[in-house]
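Heads up: the structure comes next, in structure tokens.
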Amino acid sequence: MGFSWAAASDAGRRRASNEDSFGARPDLGLFIVADGMGGHAGGEVASRIAVQEIAAAIATTAHEPGGPASAATRLRTGFERANQRIADKAAASAELRGMATTAVAVLMTGEAVILAHVGDSRLYLLRNGQLDRLTVDHSWVEEQVRAGTLTVAAAREHPWRNLVTRAIGGPPGLVVDVGELALEPRDRLLLCTDGLFSVVPDTRIAEILGRSSDLSRVCHDLVGAANAGGGPDNVTVVVVVVETDAR
Ligand code: CA
């Protein structure tokens with residue numbers, strides 16, 4: 001299935017460094033966004049390792065027979081390898097101790113896309129003008145919203161809004177949420193860090209995501225909207241569009 005893509009990443013308006021990372025391997029059908037946290041240099045290192053390890057796991061298994069079940073296993077393995085590698089590095093260095101990262105990844109297969117995530121980076125789908133979120137944040141505020149004890153608006157302002165309940169870089173036995181979605185021509189996928197959706201409402205994301213065939217422009221405008229909203233955090237977006245002549 002053919003697709004086109006673009007990406008953008010920006011430190012935002014208030015942070016000196018960018019601890020987000022993204023990976024694009026169109027040759028493998030793989031796209032990743034990661035939001036690092038912890039320590040001094042730690043966040044940057046953790047998100048970069050996650051992107052590298054997930055890409056390496058997919059690249060070294062690219063010869064395996066295709067199909068959604070196999071693709072899901074390969075992606076899950078990549079997350080587990082990243083978890084191990086980040087934990088090992090953190091244990092070996094005082095400066096990197098406590099580092100961790102979120103990650104959201106999509107692997108395009110012939111008939112579908114496999115998605116996987118840990119933490120509060122998100123995957124959205126824009127189909128026929130409607131925006132759907134395909135991931136559930138592993139975050140304290142999301143748990144409160146789902147339990148009905150916090151509204152979406154209150155979650156956005158809550159002092160604990162950055163608290164993730166699951167991250168890559170912890171003990172073995174990481175639980176990775178993995179799913180599968182049948183794709184349709186013109187579907188637009190958006191992978192992003194919380195620096196986008198913490199300040200840009202879904203209605204605005206949908207409007208920008210759908211309005212141009214120039215995907216670099218779309219990514220630029222999404223980052224611009226986050227910065228126009230104050231740019232409190234690093235912001236990273238990857239957009240993947242399924243081509244109309246697919247199949
Ligand atoms: Ca962030």
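Numbering of ligands and ligand atoms starts at 1, following listing order.
Under a 4.0 Å N-O distance rule, the pair Arg204/Glu207 qualifies as a salt bridge. Note on Asp194 versus Arg161: no salt bridge recorded, every NZ/NE/NH1/NH2 to OD/OE distance being 4.0 Å or above.
Summary: OD2 is the N/O/S atom of Asp233 found nearest to the Ca ion (ligand 1).
At least one N/O/S atom of Asp35, from backbone or side chain, sits under 3.0 Å from the Ca ion (ligand 1). Note on Asp194: counted as a metal contact of the Ca ion (ligand 1), an N/O/S atom lying under 3.0 Å. Taking backbone and side-chain atoms together, Asp20 has no N/O/S atom less than 3.0 Å away from the Ca ion (ligand 1).
In this structure, Val237 and Val223 approach most closely via the heavy-atom pair CG2-CG2, 4.2 Å.
Other residues, nucleotides and ligands contribute at most 12 non-hydrogen atoms within 6.0 Å of the NE2 atom of His220.
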